[in-house]
Participant: 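A single structure is presented below for examination.
First the proteins, then the strands, lettered A, B, ... as listed; each starts at 1.
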Amino acid sequence: MADTTTTEPGRDFIRDIVQADVDAGRAQVVVTRFPPEPNGFLHLGHAKSICLNFGVAQEFGGRCHLRFDDTNPVKEEQLFIDAIQRDVEWLGFHWGEHLYHASDYFEQLYRWAEHLIRSGDAYVDDTPPDRMRAQRGTLTEPGQNSPHRYRSVEENLALFQDMRAGKFANGACVLRAKIDMASGNMNLRDPVLYRILHATHPRTGDAWCIYPTYDFAHGQSDAIEGITHSVCTLEFEDHKPLYDWLIARLPVPARPRQYEFARLNMTYTVLSKRILTGLVRDGHVSGWDDPRMPTLAGIRRRGVPATALRDFVARVGVARANSVVDVQMLDAAIRDALNPTAPRRMAVLRPLKLIIDNYPEGRTETLEAIDHPDDPSQGTRPISFGRELYVEQDDFMENPPKKFYRLSPGKEVRLRYGYYVTCQSVEKAPDGTVVALHCTYDPQTRGGNAPPDGRKVQATLHWLAAADAVPAEIRLYSHLFDRPDPGADGDAMAHLATDSMEVLTGAFVEPALAAAPVGTPVQFERVGYFCADPDGTPARPVFNRTVGLRDSFAKVKTPGR
RNA sequence: UGGGGUGUCGCCAAGCGGUAAGGCAACGGAUUUUGAUUCCGUCAUACGGAGGUUCGAUCCCUCCCACCCCAGCCA
């Protein structure tokens, strides 16, 4: 079970900063953290952050904490807390003893809030939300001070205690930092530090009815844990002055620093928790782990190994420029991870009966197939051959165009590990559809070897003996959205693809695949990488297509594009 | 004349004053019992634009342009 990163971590500006801090002695041990809010499942964007935070800690011999940023009980659930832990571990990272929750610090944060009140840096404001918004000003106009900005310390302390004691309804008042209502940075216009939320928290239950905001919880939690490098995405850049403002005024045990990098965006994909939540809620997908979802759970179920994801993230790199990564980069990383190890098997997705007229009726024989062309140590397996076989519908054309190498009337091809066969005639249904191919085989080509006369064929096809092929359901997935930039016009849902999943119910696979363990990758020769889905049974396995093989013939079929 | 960022090949991305890495994609060609893999080769006189400093600038300065983020008691 080799589960090591295949691509060495690249160098990036974050690692340069950490290196410089280590070299200059500013950081004895490097401590980072991955701080998800448990309000949904982790997706590819989180994978980038996880690989960065855990990766940096690993490379510098430090540690990375998993910390749940659970400061908003109305959106958070235990279900998500569990899923997040499962996904981080699956990705290959371990927090050891360092599992934390912002909610672990609620009491400490409360005391620090009082500290701010005592130093005159925070006040309780009972201005109604809409009025507060008006007073905040706009991007180009300064805000106005709240009439409650200069309450006495005693009054603020009493009010804040009353907030905690549950004497007020939701929204009745908040605790605000007293900074600068005219600041060009909106985050400094007396930001809210605490709000009243009479809601049950997944961990603290009903112990609290006031909760710290992200701004008040995050930096202080970092400080408590001794985080040296607090790495987050670009949109928090404007929060850094506030982060620093709070750290500077509170008796915190450490002085963490925040650094920002660009979040991951990918073509034909949406990495917005809001939209992903909607897809699940409205039943557009089967769940958070639907194989089409860009969630780690979905990607895992699709059959993508964690190594591929780590490699992908390494290939993408870390920078500060907003960018959109081509999904094909992910596909390439997946193929590169799977190709060297995935055992080869044969499966016919859209079967077409092939009858070998000169093959003795009732006879069957056992042939030998190689499990991996580049890795002899994987060995071989027996496969059965008979008079009636299945081949892929795509591998036959009655009137083939110029560069079609596969079967057509009069054409000879090789059946992989089988024999050379030549198509002699076509059997059609009354409506004209081809129902079977009648062929002859050359007994001298057993195993697929060239005959004594050295005759060559242009194509080698995969096939299955009709006698023991196992019926299977195969699910082919493609992009959930039908345009490269689904969110560009602000309505991603309008670009939900209608054909993102194709279910093939009449497929067949090798007998050995009936018992394929769920999630284990296998290559269906000439088709792609697949893995068994938990929906299947030994009698009727279900396979997910992880990713197709590169197909240069597709370009011949549909040039341009 | 709000604040904060970013602009290097079709897509990512190195580069940190000395004359444009790498990956993906694409395109040739070789090998091939997967039109796969592998292997060889091609693919930025050019770094958003205009000035300037310098022997020399993608890297420094000035101005301009474009795009992204911020007006939640979300994170």
Participant: Taking the minimum atom-to-atom distance to the side chain of A:Thr213, which one of B:G15, B:A75, B:G4 wins?
Facilitator: B:A75
Participant: What's the gap between B:U31 and B:G49 when it is taken at their P atoms, as a whole Å value?
Facilitator: 45 Å
Participant: Kindly point out which of B:C73, B:G5, B:A75 is positioned nearest to the side chain of A:Arg136?
Facilitator: B:C73
Participant: Students often get this wrong, so: under 4.0 angstrom with heavy atoms, is A:Gly171 touching a base, only sugar-phosphate, or nothing?
Facilitator: base
Participant: Quick one: closest heavy-atom pair of A:Ile370 and A:Arg381, and the distance?
Facilitator: O-NH1, 3.3 Å
Participant: With A:Asn449, which residues qualify under side-chain contact (heavy atoms from CB on, under 4.5 Å), at least two apart?
Facilitator: none
Participant: Counting only side-chain nitrogens and oxygens, does A:Thr460 get under 4.0 Å of the OP1 or OP2 atom of B:G35?
Facilitator: no
Participant: Is A:Val413 touching bases, backbone alone, or none of the nucleic acid, heavy atoms closer than 4.0 Å?
Facilitator: nothing
Participant: Indicate the atoms forming the closest heavy-atom contact of A:Arg335 with A:Pro340, along with that distance.
Facilitator: O-CD, 4.3 Å
Participant: Pick out the pairs of N or O atoms, protein on one side and nucleotides 22-32 of chain B on the other, that lie under 3.5 Å.
Facilitator:
from  : atom 1 : to       : atom 2 : distance (Å)
B:A26 : OP1    : A:Lys555 : NZ     : 3.0

Participant: Hey, are A:Glu235 and A:Arg263 close enough for a salt bridge, meaning a charged N less than 4.0 Å from a carboxylate O?
Facilitator: yes
Participant: Classify A:Arg344 by what it touches in the nucleic acid, base, sugar-phosphate, or nothing, heavy-atom distance under 4.0 Å.
Facilitator: base
Participant: For A:Ser323, report the nucleic acid contact type (base, sugar-phosphate, nothing); a contact means any heavy atom under 4.0 Å.
Facilitator: sugar-phosphate
Participant: Salt bridge or not between A:Asp16 and A:Arg11? Use side-chain N to carboxylate O under 4.0 Å.
Facilitator: yes
Participant: From the set B:G72, B:C12, B:U33, return the single nucleotide nearest to any side-chain atom of A:Tyr417.
Facilitator: B:U33
Participant: Please compare A:Pro129 and A:Gly447 by the position of their nearest nucleotide in RNA chain B and report the one closer to 5'.
Facilitator: A:Gly447
Participant: To the side chain of A:Asp16, which of B:G35, B:C12, B:C16 is closest?
Facilitator: B:C16
Participant: Check every strand shown and say whether A:Pro373 touches a base, only sugar-phosphate, or nothing at a heavy-atom separation below 4.0 Å.
Facilitator: base
Participant: Please measure how far the C1' atom in B:G15 lies from the corresponding atom in B:U8, and state the result in whole Å.
Facilitator: 9 Å
Participant: If each of A:Pro128 and A:Ala262 is mapped to the nucleotide of RNA chain B with the nearest heavy atom, which maps nearer the 5' terminus, i.e. the 5' end?
Facilitator: A:Ala262
Participant: Select base, sugar-phosphate, or nothing to describe what A:Phe216 touches, counting heavy atoms under 4.0 Å on all strands.
Facilitator: nothing
Participant: What pairs with A:Arg67 under salt bridge (charged side-chain N to carboxylate O under 4.0 Å, His left out), at least two apart in sequence or on another chain?
Facilitator: A:Asp222, A:Glu225
Participant: Please write out the pairs of protein N or O atoms and N or O atoms of nucleotides 66-70 of chain B separated by less than 3.5 Å, giving the distance to one decimal.
Facilitator:
from  : atom 1 : to       : atom 2 : distance (Å)
B:C68 : O2'    : A:Asn322 : ND2    : 3.1

Participant: Quick one: side-chain contact (heavy atoms from CB on, under 4.5 Å) partners of A:Gln161, sequence neighbours excluded?
Facilitator: A:Tyr110, A:Glu114, A:Leu157
Participant: For the P atoms, the ones on B:G29 and on B:A13, what distance do you get once it is rounded to whole angstrom?
Facilitator: 33 Å
Participant: Give A:Thr127 one of three labels, base, sugar-phosphate or nothing, depending on what nucleic acid heavy atoms sit under 4.0 Å from its own.
Facilitator: base
Participant: Side chain of A:Glu37 only, please: which of B:C74, B:A13, B:G72 is the nearest?
Facilitator: B:C74
Participant: I want to verify a distance call: between B:G35, B:A75, B:U34, whose nearest atom is closest to the A:Leu549 side chain?
Facilitator: B:U34
Participant: Would you call A:Phe553 stacked on B:G35, i.e. ring centres under 5.5 Å apart with the planes less than 30° off parallel?
Facilitator: yes
Participant: Over all strands shown, is A:Val324 touching base, sugar-phosphate only, or nothing at heavy-atom distances under 4.0 angstrom?
Facilitator: sugar-phosphate
Participant: Could you walk me through whether A:Arg344 and A:His372 pass the side chain to side chain donor-acceptor pair (under 3.5 Å) test, one step at a time?
Facilitator: CA-CA 6 Å; A:Arg344 271 53 171 175; A:His372 192 112; 3.2 Å; yes
Participant: Which whole number of Å gives the distance between the P atom of B:C61 and that of B:C70?
Facilitator: 28 Å
Participant: With sequence neighbours excluded, tell me which residues meet side-chain contact (heavy atoms from CB on, under 4.5 Å) with A:Gln393.
Facilitator: A:Arg350, A:Leu352
Participant: Look at the side chain of A:Asp374 and the base of B:U38, then say whether one donor and one acceptor between them are separated by less than 3.5 Å.
Facilitator: no
Participant: Locate the shortest heavy-atom distance separating A:Thr213 from A:Tyr194; write the atom from each residue and the value.
Facilitator: CG2-N, 4.4 Å
Participant: So what does A:Arg416 touch, heavy atoms closer than 4.0 Å: a base, only the sugar-phosphate, or nothing?
Facilitator: base
